[in-house]
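In the text below, chain A, chain B and the rest are named by the order of the sequence lines, each starting its count at 1. Just so we're clear, the structure is a prediction, and the values are computed from it rather than from any experiment.
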Number of protein chains: 2
Amino acid sequence: MKIGELAARTGVSIRSLRYYEEQGLLSPLRSDNGYREFSPLAEEQVRTIQLYLQLGLSTDQIAGFLHCVLKNREAFCNEVLPIYREKLAEIDSQIQLLQNIKLNLEDRIRSILDERPEGQVEE
Amino acid sequence: MKIGELAARTGVSIRSLRYYEEQGLLSPLRSDNGYREFSPLAEEQVRTIQLYLQLGLSTDQIAGFLHCVLKNREAFCNEVLPIYREKLAEIDSQIQLLQNIKLNLEDRIRSILDERPEGQVEE
DNA sequence: ATAAACCGTGACATTGGTGTGAGGGTCAAG
DNA sequence: CTTGACCCTCACACCAATGTCACGGTTTAT
């Protein structure tokens, strides 16, 4: 199938599909006229890529194990687990950072409300 | 004081101080030779800017109320509260997103460990 | 044969605070 | 007068996936 059809089937933009190829995540054949020709398997492949992107992995990381997970169960691809763990640690520290900011903001909001029960003043 | 001294006092890079000026957060005078001349008050001003940046506010948002909060208590600056609330909502949704990814990652890690108690396989 | 709907590549914009380097003034001390 | 430590502006790089032009070739249907 051509790129437009793949885009329609997956909901992923043509631009992104071309980018995935550039990053080594897709390897469509080329027709004589230069058009990309995707196998039917590409559809699932794209959904898999999207799934990993939504986990916050980079195309670089995905490229490292995509080949394997398309053929095997994830558990058989040794690249995956360390990347998941690394990502999890990263997420945890981001959450921590955001929680701290959140507490800080809540404090400050409370202070303002305490100090100014209803009256307001302009600059 | 000149920019180098302000940078040394606050720990903020010269580059950043110039950027703050560009964003309207600092308005140093200029000496005859073109050098920026900061008042002693600038030191506290920079610390205040840093504080807001660490809350995740943009220079644009900070510019909207910095003038006021430097002269009054935050509670008297009406711009502040809505921005805090907006930021808080944003933070909450980011945390939510990260929590979802975290749960997803933990599930997937668990699946892999369940499925592969110890044996590994190469690609 | 012509228009509409595809496809191709290349390249710049986005986000936003900061790093970094080029190229060039200013000024104080030796 | 020279050296070194300041200062100035301008401008590109970064991160990374995606949007969006421009410009041009191909295919399909009328």
Side-chain angles (χ1 to χ4, degrees), chain A residues 1-38 42 45-64 66 83 86-87 90-91 93-94 97-98 101, chain B residues 1-38 42 45-64 66 83 86-87 90-91 93-94 97-98 101:
Chain A
M1 83 188 89
K2 283 178 291 182
I3 198 169
E5 189 183 342
L6 183 57
R9 282 179 186 278
T10 59
V12 172
S13 74
I14 291 178
R15 176 68 178 87
S16 292
L17 294 175
R18 292 203 263 243
Y19 178 69
Y20 297 163
E21 179 187 13
E22 195 182 326
Q23 300 302 303
L25 299 179
L26 293 174
S27 300
L29 300 175
R30 293 296 181 130
S31 302
D32 287 348
N33 55 21
Y35 288 10
R36 292 170 180 79
E37 182 59 38
F38 293 90
Q45 192 162 348
V46 170
R47 293 190 203 285
T48 302
I49 292 168
Q50 287 288 99
L51 185 155
Y52 288 123
L53 284 177
Q54 278 154 21
L55 285 179
L57 303 188
S58 67
T59 54
D60 228 42
Q61 291 174 312
I62 298 171
L66 182 62
I83 288 180
E86 187 185 336
K87 193 68 200 178
E90 198 184 315
I91 300 275
S93 91
Q94 285 176 19
L97 182 64
L98 290 174
I101 293 177
Chain B
M1 83 188 88
K2 283 178 292 182
I3 198 169
E5 189 182 340
L6 183 57
R9 282 179 187 275
T10 59
V12 172
S13 73
I14 290 178
R15 175 68 177 88
S16 292
L17 294 175
R18 292 204 262 242
Y19 178 69
Y20 298 162
E21 180 188 14
E22 193 183 302
Q23 299 303 301
L25 300 180
L26 292 174
S27 300
L29 300 175
R30 295 294 182 132
S31 303
D32 287 348
N33 55 20
Y35 289 9
R36 291 170 181 79
E37 182 59 39
F38 293 90
Q45 192 163 348
V46 170
R47 294 190 202 286
T48 303
I49 293 168
Q50 287 288 97
L51 185 155
Y52 287 123
L53 284 177
Q54 278 153 22
L55 285 177
L57 303 188
S58 68
T59 53
D60 228 42
Q61 291 174 314
I62 299 171
L66 183 61
I83 288 181
E86 186 185 337
K87 193 69 199 175
E90 199 184 314
I91 300 275
S93 91
Q94 285 176 20
L97 183 63
L98 290 175
I101 293 178

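By the 4.5 Å heavy-atom criterion applied to side chains, B:R36 and B:L29 are not counted as neighbours. Considering only heavy atoms from C-beta on, B:E21 stays 4.5 Å or farther from B:S27 through its side chain. A:E37 has its side chain within reach of A:K2: a pair of non-hydrogen atoms, C-beta onward, lies under 4.5 Å apart. Side-chain contact check for A:L26 versus A:Y19: every heavy-atom pair is 4.5 Å or farther apart. Taking the side chain as every heavy atom from C-beta outward, A:Q94 and A:L97 never approach each other to under 4.5 Å.
The closest donor-acceptor contact from the side chain of A:Q23 to the backbone of A:Y20 lies at 3.5 Å or more, if one exists at all. Not one N or O on the side chain of A:S31 forms a donor-acceptor pair closer than 3.5 Å with the backbone of A:G34. No donor-acceptor pair closer than 3.5 Å links the side chain of A:Q54 to the backbone N or O of A:L51. For A:K87 (side chain) and A:G56 (main-chain N/O), a donor-acceptor pair under 3.5 Å exists by modelled atom type.
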Determine all donor-acceptor pairs shorter than 3.5 Å in which one atom belongs to a side chain in residues 11-18 of chain A; sequence neighbours excluded.
| residue | atom | partner | partner atom | Å |
| --- | --- | --- | --- | --- |
| A:S13 | OG | A:S16 | N | 3.1 |
| A:S13 | OG | A:S16 | OG | 3.1 |

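The stretch residues 49-59 of chain B comes close to DNA chain C through B:S58, B:T59, each having a heavy atom under 4.0 Å from the strand. Near DNA chain D, defined here as any heavy-atom distance below 4.0 Å, the residues from residues 9-22 of chain A are A:S13, A:R15, A:S16, A:Y19, A:Y20, listed numerically.
Between the CG atom of A:D32 and the P atom of C:dG8 there is a distance of 14 Å, given to the nearest Å.
Reading DNA chain D from its 5' end, the first and the last nucleotide to sit under 4.0 Å from a heavy atom of chain B are D:dC6 to D:dA11.
Nearest approach of A:I91 to B:I101, heavy atoms of both residues: CD1-CG2, 3.8 Å. Residues A:R47 and A:R9 approach most closely at NH2-O, 3.0 Å, considering heavy atoms.
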> Run the side chain to side chain contact (heavy atoms under 4.5 Å, CB included) check on A:I62 and A:I83 step by step: do they pass?
Replying inline: CA-CA 9 Å; A:I62 298 171; A:I83 288 180; over 6 Å; no

> Given B:V46 and B:L25, is the side chain to side chain contact (heavy atoms under 4.5 Å, CB included) satisfied, shown in steps?
Replying inline: CA-CA 9 Å; B:V46 170; B:L25 300 180; over 6 Å; no

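Between B:T59 atom OG1 and B:L53 atom CG the span is 7.5 Å, to the nearest 0.5 Å.
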Under 3.5 Å, N/O pairs linking protein and nucleotides 22-26 of chain C:
| residue | atom | partner | partner atom | Å |
| --- | --- | --- | --- | --- |
| C:dG25 | N2 | B:Y35 | OH | 2.8 |
| C:dT26 | O4' | B:Y35 | OH | 3.2 |

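With the end axes of the helix from C:dA1-D:dT30 to C:dG30-D:dC1 each set by five pairs, the angle from one to the other reads 40° at 10° resolution.
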